[in-house]
**Student:** 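Sharing a structure, written as structure tokens. Questions coming.
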Amino acid sequence: MKICVTGGMGYIGSHTVIELIKKGHEPVIVDNLVNSNPEVLNRIKKIVKVKPKFYEIDLRDEKKLDKCFQKEKFDVVIHFAGLKSVGESVKKPKLYYDNNIGSSKVLLKVMKKHKVRNIIFSSSATVYGVPKHVPLRETDPVGKAANPYGQTKIEIEKILMKVAKEDKKMNVVLLRYFNPVGAHESGLIGEDPNGIPNNLMPYITQVAVGRRKELTIFGNNYPTKDGTCIRDYIHVVDLAMGHLAALKAIKKKWGLKIYNLGTGKGTSVLELVKAFNRANKLKIKFVYGPRRPGDVVKNYANASKAYKELNWKATHSIVDMCRDSYNWQKKNPTGYQKAKK
């Protein structure tokens with residue numbers, strides 16, 4: 001299938017593009033490069049010997065997006081594009097609403113014009129807000145998210161649900177990610193955030209290679225076994241494979257489907273740091289800091305529905321995640337920075 005991958009130059013998008021190519025699909029990347037680097041295309045080619053088509057387009061630019069759709073004749077859209085920092089969204093909520101929700105509306109308008117009725121959306125476990133219990137199931141209520149980033153995901157999900165209800169030919173798959181970490185085993189692509197990392201693993205790896213002095217763990221007085229937050233960390237390649245599995249729902253024309261993508265196991269921040277040390281024979285220096293606005297205490301998945309309906313489950317361990325993350329950072333101490341010069 002020919003697949004439009006919005007945000008395909010980013011962390012999760014680039015790993016998914018690789019897996020799509022390996023399975024014989026034709027991904028076409030649409031990305032505005034706000035939080036990604038054109039060097040990713042060269043790295044993808046090194047891994048799979050194919051350089052995917054790339055359009056540098058901001059999804060809010062309807063005219064350019066329309067020309068792209070007119071030319072490419074897509075079968076499916078996998079929609080990753082969007083700003084994703086929880087902390088930044090708390091500080092700049094209007095930016096997140098305009099970018100994430102606004103771009104999704106334009107994308108759906110262009111899809112409708114060109115009769116593209118299949119979309120897989122990169123959603124998030126943040127849509128569940130502050131969990132009343134864990135593990136979380138797809139049937140659990142979606143309400144007010146703990147932060148503006150999560151709220152944009154909720155609003156986009158609502159829009160997609162409405163589209164699916166109004167157009168019975170639409171196939172919509174909402175994939176609620178938990179916490180992606182890791183990198184491709186080659187070490188050629190991985191997570192390369194701009195500025196100070198907002199996510200835990202890239203901060204750990206940057207400390208490990210000497211880019212940063214120490215890790216700050218936000219809060220050590222949460223009601224958990226070691227006082228630190230608990231998350232469901234999932235290897236980015238497992239997450240990428242979840243998108244390929246979701247194509248089954250598209251092919252079978254199942255209409256609207258929602259799936260959690262996680263391991264089903266909660267790991268605390270402190271446990272992840274210790275696992276990283278064991279996996280890589282290191283000792284990461286860390287200090288405790290104040291709690292971070294918008295963080296929830298515990299968040300992990302029940303992913304049995306994806307296994308039952310899509311035959312998908314996460315296969316990488318925490319050790320795999322830690323090893324692959326460090327392998328990427330060791331080989332690229334400054335990420336793709338050299339390519340930017």
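Bear in mind that the values here come from a model prediction, so they are computed numbers and not experimental data.
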**Student:** If two hydrophobic side chains count as joined below 4.5 Å and joins carry through other members, does Ile78 share a cluster with Val236?
**Tutor:**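 Yes, Ile78 connects to Val236 through the hydrophobic network.
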**Student:** Give the cluster check for Val163 versus Met161: same hydrophobic cluster or not, with ILVMFWY residues linked at side-chain heavy-atom distances below 4.5 Å.
**Tutor:**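 Hydrophobic grouping puts Val163 with Met161.
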**Student:** Would you check if the side chain of Ser14 reaches a backbone N or O of Met9 as a donor-acceptor pair within less than 3.5 Å?
**Tutor:**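 Flag not set: sc Ser14 to bb Met9 has no pair under 3.5 Å.
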**Student:** Distance from Lys313 atom NZ to Met241 atom CE, nearest 0.5 Å?
**Tutor:**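 Spacing of NZ (Lys313) from CE (Met241) equals 13.5 Å.
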**Student:** How long is the gap from CE on Met170 to NZ on Lys162, to the nearest 0.5 Å?
**Tutor:**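 Reported to 0.5 Å precision, the distance equals 13.5 Å.
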**Student:** Just jot down the ring-ring contact (aromatic ring centres under 6.0 Å, His included) partners of Tyr177, sequence neighbours excluded, or say none.
**Tutor:**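 Residues passing ring-ring contact (aromatic ring centres under 6.0 Å, His included) with Tyr177: His243.
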**Student:** If you group Ile, Leu, Val, Met, Phe, Trp and Tyr by side-chain heavy-atom gaps below 4.5 Å, do Leu261 and Leu244 land in one group?
**Tutor:**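 The answer is yes; both residues are in one hydrophobic cluster.
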**Student:** Applying side chain to side chain contact (heavy atoms under 4.5 Å, CB included), name anything that partners Lys285, two or more places apart in sequence or on another chain.
**Tutor:**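 Partners of Lys285 by the side chain to side chain contact (heavy atoms under 4.5 Å, CB included) criterion, ordered by chain and then number, come out as Lys213, Glu214.
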**Student:** Please check this pair: side chain of Asn302 against backbone of Pro135, looking for a donor-acceptor N/O pair closer than 3.5 Å.
**Tutor:**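 Not a single qualifying donor-acceptor pair exists.
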**Student:** Okay, side chain of Arg323, backbone of Glu185: is any donor-acceptor separation there less than 3.5 Å?
**Tutor:**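 Such a contact is absent between Arg323 side chain and Glu185 backbone.
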**Student:** Nearest 0.5 Å, please: how far is CG in Leu200 from CG in Leu215?
**Tutor:**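 Nearest 0.5 Å value for the CG-CG distance: 6.0 Å.
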**Student:** Filter on side-chain hydrogen bond (donor to acceptor under 3.5 Å, both in side chains), then keep only pairs touching residues 250-262, sequence neighbours left out; what's left?
**Tutor:**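 Every pair satisfying side-chain hydrogen bond (donor to acceptor under 3.5 Å, both in side chains) with a residue in residues 250-262: Tyr128-Asn260, Lys257-Glu309, Tyr259-Glu309.
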**Student:** Would you say that more than 12 heavy atoms from the other residues, nucleotides or ligands in this model lie under 6.0 Å from the NZ of Lys331, or not?
**Tutor:**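 Yes, enclosed.
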**Student:** Using every non-hydrogen atom in the two residues, find where Val173 and Ala246 come nearest and quote the distance to one decimal.
**Tutor:**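 Closest pair (atom of Val173, atom of Ala246, distance): CG1-CB, 3.9 Å.
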**Student:** So, the side chain of Asn194 versus the backbone of Val34: is there a donor-acceptor pair under 3.5 Å, distance only?
**Tutor:**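 Yes.
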**Student:** I'd like to know if Val77 and Val106 are part of one continuous hydrophobic network [Ile/Leu/Val/Met/Phe/Trp/Tyr, side-chain heavy atoms within less than 4.5 Å].
**Tutor:**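 Yes, same cluster.
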**Student:** For Val296 and Gly129, work out which heavy atoms get closest and say how close.
**Tutor:**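 Looking at all heavy atoms of both residues, the shortest contact is CG1-O, 3.8 Å.
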**Student:** Might you work through the side-chain contact (heavy atoms from CB on, under 4.5 Å) test for Tyr11 and Asp192, ending with a clear yes or no?
**Tutor:** CA-CA 7 Å; Tyr11 174 45; Asp192 182 26; over 6 Å; no
**Student:** What residues form a ring-ring contact (aromatic ring centres under 6.0 Å, His included) with Phe178, not counting sequence neighbours?
**Tutor:**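 Scan of Phe178 (ring-ring contact (aromatic ring centres under 6.0 Å, His included), adjacent residues dropped) gives none.
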**Student:** Step by step, work out the side-chain contact (heavy atoms from CB on, under 4.5 Å) result for Ile101 and Lys105.
**Tutor:** CA-CA 6 Å; Ile101 299 172; Lys105 286 180 176 178; 3.9 Å; yes
**Student:** Is a side-chain N or O of Asp320 found less than 3.5 angstrom from the main chain of Ser317, in a donor-acceptor match?
**Tutor:**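 Checking the backbone N and O of Ser317 against the side chain of Asp320, a donor-acceptor pair under 3.5 Å is found.
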**Student:** side-chain contact (heavy atoms from CB on, under 4.5 Å), that's the test. Do Leu107 and Met111 meet it? Break it down for me.
**Tutor:** CA-CA 6 Å; Leu107 174 64; Met111 284 177 64; 4.1 Å; yes
**Student:** Answer yes or no: are there more than 12 heavy-atom neighbours, outside Lys23 itself, under 6.0 Å from its atom NZ?
**Tutor:**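 Incorrect, the count does not exceed 12.
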**Student:** Any sub-3.5 Å donor-acceptor pair from Asp31's side-chain atoms to Glu56's backbone N or O?
**Tutor:**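 No.
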**Student:** Hey, what else clusters with Tyr307 if you join Ile, Leu, Val, Met, Phe, Trp, Tyr whenever side-chain heavy atoms sit under 4.5 Å?
**Tutor:**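 Under the 4.5 Å side-chain rule, Tyr307 groups with nothing.
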**Student:** Which atoms form the tightest heavy-atom contact between Ser268 and Thr228, and what is the distance?
**Tutor:**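 Of all heavy-atom pairs spanning Ser268 and Thr228, the closest is CB-OG1, 3.4 Å.
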**Student:** Distance-only, no hydrogens or angles: does the Lys49 side chain make a donor-acceptor pair with backbone N or O of Lys46 under 3.5 Å?
**Tutor:**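 Such a contact is found between Lys49 side chain and Lys46 backbone.
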**Student:** List the residues meeting ring-ring contact (aromatic ring centres under 6.0 Å, His included) with His316, not counting sequence neighbours, and say none if there are none.
**Tutor:**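 Result, ring-ring contact (aromatic ring centres under 6.0 Å, His included) vs His316: His235.
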**Student:** Is a side-chain N or O of Asp75 found less than 3.5 angstrom from the main chain of Lys2, in a donor-acceptor match?
**Tutor:**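 Indeed, once roles are kept as given, a pair shorter than 3.5 Å links the two residues.
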**Student:** Evaluate Asp238 against Thr315 for side-chain hydrogen bond (donor to acceptor under 3.5 Å, both in side chains), listing each step before the verdict.
**Tutor:** CA-CA 7 Å; Asp238 281 333; Thr315 60; 3.1 Å; yes
**Student:** Among residues at least two apart in sequence or on other chains, which ones pass ring-ring contact (aromatic ring centres under 6.0 Å, His included) with Tyr288?
**Tutor:**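 Tyr288: ring-ring contact (aromatic ring centres under 6.0 Å, His included) contacts with Phe286.
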**Student:** Just wondering, more than 12 heavy atoms not from Lys53 lying within 6.0 Å of its NZ?
**Tutor:**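 Enclosed: over 12 neighbouring heavy atoms sit under 6.0 Å from NZ of Lys53.
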**Student:** Where is the tightest heavy-atom contact between Asn100 and Gly82, given as atom of each residue plus distance?
**Tutor:**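 Asn100 and Gly82 have their closest heavy atoms at OD1-CA, 3.4 Å.
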**Student:** Tell me, please, which residues at least two apart from Arg211 pass side chain to side chain contact (heavy atoms under 4.5 Å, CB included).
**Tutor:**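 If we apply the side chain to side chain contact (heavy atoms under 4.5 Å, CB included) test to Arg211, skipping adjacent residues, the hits are Gln206, Val209, Gln329.
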**Student:** Looking only at heavy atoms, which two atoms of Ala183 and Trp328 are closest? And how far apart?
**Tutor:**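 Minimum heavy-atom contact is CB-CB, 3.6 Å.
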**Student:** Answer yes or no: does atom NZ of Lys64 have more than 12 heavy-atom neighbours from other residues, nucleotides or ligands under 6.0 Å?
**Tutor:**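 12 or below, so no.
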**Student:** Please report the interatomic distance CD1(Ile189) to CD1(Ile47), rounded to the nearest 0.5 Å.
**Tutor:**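 Answer rounded to 0.5 Å: 4.5 Å.
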**Student:** Do the charged groups of Arg137 and Asp140 touch, with an N to O distance under 4.0 Å?
**Tutor:**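 Not counted as a salt bridge, because no side-chain N and carboxylate O are separated by less than 4.0 Å.
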**Student:** Working to the nearest 0.5 Å, report the span between CG of Asn179 and CG of Leu272.
**Tutor:**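 Going from CG on Asn179 over to CG on Leu272, the span is 9.5 Å.
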**Student:** To the nearest 0.5 Å, how far apart are CD1 in Ile284 and CZ in Phe276?
**Tutor:**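 It is 5.0 Å, given to the nearest 0.5 Å.
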**Student:** Which donor-acceptor pairs under 3.5 Å do side chains of residues 88-95 form with protein atoms, sequence neighbours excluded?
**Tutor:**
{"from": "Glu88", "atom 1": "OE1", "to": "Tyr96", "atom 2": "OH", "distance (Å)": "2.5"}
{"from": "Ser89", "atom 1": "OG", "to": "Val86", "atom 2": "O", "distance (Å)": "2.7"}
{"from": "Ser89", "atom 1": "OG", "to": "Tyr149", "atom 2": "N", "distance (Å)": "3.0"}

**Student:** Just to verify, what does Val17 make a side chain to side chain contact (heavy atoms under 4.5 Å, CB included) with, not counting sequence neighbours?
**Tutor:**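 Val5, Ile21, Pro27, Ile29, Ile44, Pro52.
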**Student:** Could you check whether any side-chain N or O of Asp58 sits under 3.5 Å from a backbone N or O of Asn32, counting only pairs where one atom can act as donor and the other as acceptor?
**Tutor:**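 No.
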**Student:** Starting from Leu310, can I reach Val237 by hopping between I/L/V/M/F/W/Y residues whose side chains sit under 4.5 Å apart?
**Tutor:**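 Val237 and Leu310: one cluster.
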**Student:** Can you sort out the partners of Arg176 under salt bridge (Lys or Arg N to Asp or Glu O under 4.0 Å), two or more places apart, ordered by chain and number?
**Tutor:**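 In terms of salt bridge (Lys or Arg N to Asp or Glu O under 4.0 Å), with neighbours along the sequence ignored, Arg176 is linked to Glu157.
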**Student:** Describe, in one word, how the ring planes of His79 and Phe121 are oriented to each other, choosing from parallel (under 30°), tilted (30 to 60°) and perpendicular (over 60°).
**Tutor:**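 If you compare the ring of His79 with that of Phe121, the planes turn out tilted.
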**Student:** Can you name the side chain to side chain contact (heavy atoms under 4.5 Å, CB included) partners of Lys225, sequence neighbours left out?
**Tutor:**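 Lys225 satisfies side chain to side chain contact (heavy atoms under 4.5 Å, CB included) with Glu271 once adjacent residues are dropped.
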**Student:** Restricting to non-hydrogen atoms, name the atom on Gly187 and the atom on Asn332 that form the minimum distance, rounded to 0.1 Å.
**Tutor:**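 Nearest heavy atoms, Gly187 then Asn332: O-ND2, 2.8 Å.
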**Student:** Would you check, one step at a time, whether the test side-chain contact (heavy atoms from CB on, under 4.5 Å) holds for Cys68 with Val30?
**Tutor:** CA-CA 9 Å; Cys68 173; Val30 176; 4.0 Å; yes
**Student:** Applying side-chain contact (heavy atoms from CB on, under 4.5 Å) between Arg117 and each of Lys169, Lys168, Lys112, report the one that passes.
**Tutor:**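 Running side-chain contact (heavy atoms from CB on, under 4.5 Å) over Lys169, Lys168, Lys112 with Arg117 returns exactly one hit, Lys169.
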**Student:** Do Asn37 side-chain atoms and Glu39 backbone N/O form a donor-acceptor pair below 3.5 Å?
**Tutor:**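 The answer is yes, because a donor-acceptor pair under 3.5 Å joins these two groups.
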